[in-house]
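Sequence lines set the chain letters: A, B, ... in the order given, protein chains first and strands last, and positions in each chain run from 1.
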2 protein chains.
Amino acid sequence: MPKETFFNLTENKKSKLIEAAEQEFARAPLHEASIANIIKTAGIPRGSFYQYFSDKEDLYFFLLDSKLQTSKKNFIEALEKHHGDIFEAFIEIYNDFLITMPDEEEHNFIKNALLFATYRVENTFADIFDSTSDREHFNRLMELIDHKPFKDKEEVISILQMIGAIAFHNSIVKLTNKLSDEVAIKQFRIQMDFIKYGVYTEKSK
Amino acid sequence: MPKETFFNLTENKKSKLIEAAEQEFARAPLHEASIANIIKTAGIPRGSFYQYFSDKEDLYFFLLDSKLQTSKKNFIEALEKHHGDIFEAFIEIYNDFLITMPDEEEHNFIKNALLFATYRVENTFADIFDSTSDREHFNRLMELIDHKPFKDKEEVISILQMIGAIAFHNSIVKLTNKLSDEVAIKQFRIQMDFIKYGVYTEKSK
DNA sequence: TAGATAAGTGACACCGTGTCATATACATAG
DNA sequence: CTATGTATATGACACGGTGTCACTTATCTA
């Protein structure tokens, strides 16, 4: 988390810094991005940076977290819309996430996040449907999810994790193999169908 | 790939360097590991390192690749043993991989690889059951896999990718949450059952 | 208006990378 | 056996990035 000092900054200074950081993290993945570039673009001295953040990661995960707040809300909305159907909700946010990326800078930011995703990045993404950090959000999820197909809460969590991992992995494959949006979504649907109806079951073709 | 010069080295020198590198990559993840440490341990001058490898990554992926050759063979063997059953084969190598890790250095190497896995690391792991790099290996896989439950080859590939992603993700969760071997394997089995029989199907409880 | 507390600043010490000019070893033809 | 070319070895160095710290400046408060 950024330090108190950062939040005390004027809106103008704050957004200038954030814009500079987004630009840099869109240009290069975390490990290649440099504080030097960020402060140059933002026009602040080196010492100030460390007044606001403990290091590069601090700023980075603050940004990534902010960006994913939207996905978190979207997931809730998708669940409401699809009457608690996990699969349809996931397909919807997968769609949202990969396809509705209007801003090129935003797109590159996320691309770098995914392609160079360490466990911390993965965990940040997982927060969208995970219990660990935002308890309230998680409880809301659990209320909305249709539990009928599942034995117990553990099964629900297990499925959420599994689908999350698949969605995450598919995003990476889409980016590395430069798949079209249509192909990517189709692939994901096929995989969701496997989980819904199983490999050893007659599929409704 | 390491340069010619590296392969021309005496066995003694080569293994000394490799041992030093393994030690360093077990100590720290790729982005924190330093060439400085490797050459210090191996007792070679800095210039020589660049005679053998183009950079840190070059050496790293050479090592990781070598290590995964074993898993590649194991997967083939597991498929033979289980008469082409993808699920049982995966469970077996998942087991092999996470549990049969006798050497602590080896364990830490893999741990760092998984926790700080970028798309290149993920792709290297995916080579175990992927078509892109080792065509011959892939064809052998396709011969062995029981195609009965699947509509076509594409479906088989899709399932392989999916299970691969789940196994990969589970390994990371096991390491971050420090799950016991038993719990990790049990979780994986539950998830495999979901794919086998589907969520919307009566399970044989 | 003094004194305290918070914020701003940039020079600096430190560390790691990749290169390059130079040195050395080795092979091979004359 | 020597000359000459080719492969390998070496470490000093330029470059660029990080995090800190002593010092300055601004802001608040009694």
Please list each protein N or O that sits under 3.5 Å from an N or O in nucleotides 7-14 of chain D, with the distance.
unit_1, atom_1, unit_2, atom_2, d
dT8(D), OP1, Asn8(B), ND2, 3.0
dA9(D), OP1, Lys13(B), NZ, 3.4
dA9(D), OP2, Tyr52(B), OH, 3.1
dT10(D), OP2, Ser48(B), OG, 3.4
dG11(D), N7, Gly47(B), N, 3.3

### Task
Check DNA chain C against residues 19-42 of chain B and give the residues with a non-hydrogen atom under 4.0 Å, in numerical order.
Ser34(B), Ile35(B), Ala36(B)
### Task
Apply side-chain hydrogen bond (donor to acceptor under 3.5 Å, both in side chains) to the pair Thr10(A) and Asn12(A), showing each step before the final yes or no.
CA-CA 5 Å; Thr10(A) 63; Asn12(A) 186 23; 5.5 Å; no
## Note on the structure
In short, salt bridge (Lys or Arg N to Asp or Glu O under 4.0 Å) pairs touching residues 97-115 of chain B with sequence neighbours left out are Lys67(B)-Glu106(B)
#### Entry: Nucleotide dT17(C), atom C1' - distance to CG of Leu59(B) in whole Å
15 Å
### Query
Taking atom types as modelled, is there a side-chain donor on Gln191(A) or Ser158(B) under 3.5 Å from an acceptor on the other?
yes
### Query
Atom CD in Glu155(A), atom CE in Met162(A): separation rounded to 0.5 Å?
10.5 Å
### Query
Which whole-number value in Å describes the distance from Asp58(B) CG to dG18(C) P?
11 Å
### Task
Let me know the distance between CZ of Phe53(A) and C1' of dT18(D), rounded to the nearest Å.
16 Å
### Message
Nearest whole Å is fine: how far is dG10(C) C1' from Tyr50(A) OH?
### Response
13 Å
### Query
Can you name the one residue among Phe129(B), Phe168(B), Phe97(B), Phe188(B) that meets ring pair (Phe, Tyr, Trp, His ring centres under 6.0 Å) with Phe90(B)?
Phe129(B)
## Note on the structure
Contacts satisfying side chain to side chain donor-acceptor pair (under 3.5 Å) that involve residues 53-63 of chain A (not counting sequence neighbours) are Ser54(A)-Asp58(A)
### Task
May I have the distance from Glu57(A) (atom CD) to dG17(D) (atom C1'), rounded to whole angstrom?
13 Å
#### Entry: Sequence neighbours excluded, every pair satisfying salt bridge (Lys or Arg N to Asp or Glu O under 4.0 Å) that has a member inside residues 90-99 of chain A
Lys81(A)-Glu92(A)
### Task
Only pairs at least two apart or in different chains count here, so list each salt bridge (Lys or Arg N to Asp or Glu O under 4.0 Å) that has a residue in residues 4-17 of chain B.
Glu11(B)-Lys14(B)
